[in-house]
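Throughout, protein chains are lettered first and strands after them, A, B, ... in sequence-line order, and every chain is numbered starting at 1. These numbers come from the heavy atoms of this one structure, side chains and all, not from hydrogens, waters or symmetry mates.
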Number of protein chains: 2
Amino acid sequence: MQSQVNQNIFDLFSEETISGVAYKNKSLKRAIINHLDKTGNATITDLTLALNISVPKTTSLINELIGDGLVKDEGKVDSKGGRRANIYGLVAESAFFIGVDVKHYHVNIGLLDFKKNLVSDEMQVPYLLANTQESFDHLIRIIQGFIGNLSAAHRNILALCVNLSGRVNSENGYSYSFFHFHEEPLSTIIEKITGIRTYLENDSRAMAYGEFHNGIVRDEKNVLFVNLDYGIGLGIMIDGKIYRGKSGFAGEMGHIPLFTNELICHCGKKGCLETEASGQALIRMFKEKIAQGSGSSLQHDNKLPEPLHLADIIQSTRNEDVLCIELVAGIGEKIGRGLSVLINIFNPELVVLGGILSQTDEYIRLPIRSALNKYSLSLVNNDTQLLMSKLKEKAGIIGGCLIARDKLLSVQ
Amino acid sequence: MQSQVNQNIFDLFSEETISGVAYKNKSLKRAIINHLDKTGNATITDLTLALNISVPKTTSLINELIGDGLVKDEGKVDSKGGRRANIYGLVAESAFFIGVDVKHYHVNIGLLDFKKNLVSDEMQVPYLLANTQESFDHLIRIIQGFIGNLSAAHRNILALCVNLSGRVNSENGYSYSFFHFHEEPLSTIIEKITGIRTYLENDSRAMAYGEFHNGIVRDEKNVLFVNLDYGIGLGIMIDGKIYRGKSGFAGEMGHIPLFTNELICHCGKKGCLETEASGQALIRMFKEKIAQGSGSSLQHDNKLPEPLHLADIIQSTRNEDVLCIELVAGIGEKIGRGLSVLINIFNPELVVLGGILSQTDEYIRLPIRSALNKYSLSLVNNDTQLLMSKLKEKAGIIGGCLIARDKLLSVQ
DNA sequence: GTAAATTTATAAATTAAATTATTAATTAAG
DNA sequence: CTTAATTAATAATTTAATTTATAAATTTAC
């Protein structure tokens, strides 16, 4: 499935050391691709100014890139005095990237083109995430099925990224929480099966990346993304880059010891934020309340759906179920307390709330906001915007696709 | 006091936009300076490989830099086969930088040359930090006195950096906790008085920077530096750069709400780490213990020194005073609990303990280490080294000098 | 102890890129 | 509607940088 254009991209972004002039041309071509990537499109003059090279040099590089199939002439810009300039942009269909977002009870999977358009996706593909070979095989079948369903024009796939929850080292491609069955990195194993260059990323970080580059984030460079799901995930963007820590384990905010309860967290300790402020905790607390005699619109014939999914509670909250609203607010207050610690440490420009629980919108945002006001240093807190995810449930696939794309293009 | 060499450096690192060839030469010269800065010295071949330019081009740039007085020929390297290469390095005495480290009860001030040697310093200059005009005037007199005492050869000062505790925005030069009397940024005010380009930095960040570039840090890029002083400071180095947050308020670890005590922190909240795990808290607890009848070698005729300085308690701890050792261990345990939160979030390669309390060495390090083992996620914690500061009380001045130098040279 | 191999430095030749000049296309002013 | 002013693209010229060749300085092998 390797086209000539495909090969040209690999060549351009390969690491092989070449000499003098050839190296400089390659660097400049990469710089042009990166500039077009950031700005969408540009004229010769734009590029000349951005890269500090002369007009004739820029022209010849652009012509080469057009010959490579990576750039195309997009016509002329409007002029307000003077000859109209040609404008150049990336060729959307020159390459595609896949993002696989693995959730607890389903998989989302999407295809992004070279210009960062999501051209195809399959949402909510039924799946049960478990740390077993069967579960892994099922995931592979879903990926292969997705590729199989693509039109021929979309099969020029350069790379894919799989988002997994838990501890993932995206540098060496190992996943420690799931599918850690072999010596080889998981990314290599998937790569061998699918024949497509594969990267691995933590789910919350991938969502943060998506939100950062194609979502709610504008010019902010230091951003925290909170993934409110069954657990509490954190994606840290610093200086516009994903922060992963030494081994890719950064962002474990679920285990801030904020409580003096007796609940044993799965990490083995007591009092972790996750024990009282996660989706898991929400379900537990909801069931407890029902057992204690509270009523909810989720009950039919005095029975709850079994298994009770987080999505059910979210839906009821949006339908103004009083018990759900109350519990979600409680979760929000606790999340806010945890977040205030992070805000004191990071002084971020922006905190984005994402993940399934964020779909309760103001029901979760307001208690978080007021907890931030209450618990974090006001001078620091005043700097921080609190916004809801824009990409919603697509943050993961878009982020995954972008990571695959940007790792390959060494844009990150 | 502006020499020709001085002017050459300013020109080389100024932001003015110049055209084509001149711009490229300037960039390459900067790149050479930066490379020599990182590696200490280099041959023409080294530079050729590092910057991807040809040998004759490198030769001519080096010759220009020698003409500018910024680079010098340091003789020949040993050869193991082939003609011996000339080696080039920065000219140490081409420029100097001042670091002013403002502590609660004294000021440290030092002078660094272009090759990052500390050529002069005055430690423990008596001073009382207070948020008053008098205190500010006194600080200025100390700086001017230090410069006055320098030999003529050392007066070619390019920039200085003042380290202040509390909230400092080093980007715009405002200090919010001290000397915030005027509309103008404090850095500009000092600049006008001294005639030297001035930068401001938070004390813990400056110490972290010193430790990072000239201290205990080797190849680690993600490092936390904990400044154990009257308060608890945190310097965050990410990807080799100081992390400051949006307005320079990042790193407020003293206000993690870990306790359920009734002590009102100066931030207005209860339960902050700082209320039980700072130098301030140590003095308070020490006095309480004495009042409750405990004995200590610090007592003479049943009386404690007044005022009782943190340094006194540190000294007694090193002299094996049992009460002091006990209290320091208690502080360590609590610091460790706070740090374990940060380690879960940052997954750093290295945590460095600095500040005056760190001079109790193992008396503080061991309780911190065991608290980390107990309270942070083992997978994450296993990644993290815990080391003591190498620069000790000079971390601040060296860091300050380096910040002044690197801001000017846009190395950061 | 001399020659071969290796590495650096400089000089000469060649190639590449930047300037400058020219032509083309477009808007605004008279 | 024509001309001046402006901006872009291309061609011609000049300048700059890379390559290649040569000379110089060292180490190692025979």
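- Note: CG (B:Asn86) to C1' (D:dA24) measures 13 Å, nearest angstrom.
- Rounded to whole Å, atom P of C:dA18 lies 13 Å from atom CG of A:Leu49.
- Place A:Ser60 and B:Pro56 on DNA chain C by their nearest nucleotides, and B:Pro56 ends up nearer the 5' end.
- Atom pair B:Asp78:CG and C:dT6:C1' shows a separation of 16 Å (rounding to whole Å applied).
- Taking a cutoff of 4.0 Å between a charged side-chain nitrogen and a carboxylate oxygen, B:Glu64 and B:Lys29 qualify as a salt bridge.
- Among A:Lys115, A:Arg30, A:Arg405, the single residue meeting the salt bridge (Lys or Arg N to Asp or Glu O under 4.0 Å) criterion with A:Asp37 is A:Arg405.
- Side-chain N/O atoms of B:Lys394 and B:Asn214 include no donor and acceptor closer than 3.5 Å.
- The CG atom of B:Leu51 sits 11 Å away from the P atom of D:dT18 (whole-angstrom rounding).
- For the pair B:Arg84 CZ and C:dA9 P, the computed distance is 11 Å after rounding to whole Å.
- In terms of position on DNA chain D, the residue among A:Asn63 and B:Lys76 whose nearest nucleotide sits closer to the 5' end is A:Asn63.
- If you check every strand for non-hydrogen atoms under 4.0 Å, A:Thr43 touches nothing.
- A:Asn25 comes within 4.0 angstrom of sugar-phosphate atoms only, judged by non-hydrogen atoms across all strands, and of no base.
- The side chain of B:Thr45 approaches C:dT8 more closely than any other nucleotide in the set D:dA8, C:dT8, C:dA17.
- Annotation for A:Glu184: atom CD counts as buried by contact number, over 12 foreign heavy atoms lying within 6.0 Å.
- We find that B:Glu220 and A:Lys246 are not joined by a salt bridge, their nearest charged nitrogen and carboxylate oxygen being 4.0 Å or further apart.
- For B:Lys57, a side-chain nitrogen or oxygen approaches OP1 or OP2 of D:dA17 to under 4.0 Å.
- Protein atom CG of A:Leu61 is 13 Å distant from nucleotide atom P of C:dA16, rounded to whole Å.
- Straight-line distance from the CD1 atom of A:Ile87 to the P atom of D:dT7: 17 Å, rounded to whole Å.
- Within the structure, a side-chain polar atom (N or O) of A:Lys24 is placed less than 4.0 Å from OP1 or OP2 of D:dT18.
- Taking only distance into account, the side chain of B:Arg83 never meets the base of D:dT26 through a donor-acceptor pair shorter than 3.5 Å.
- Of the two residues near DNA chain C, A:Thr58 and B:Val55, the one whose nearest nucleotide lies more 5' is B:Val55.
- Counting to the nearest Å, the P atom of C:dT8 and the CG atom of B:Leu47 are 12 Å from each other.
- With C:dA18, C:dA16, D:dA17 as the choices, the nucleotide that has an atom nearest any side-chain atom of A:Val21 turns out to be C:dA16.
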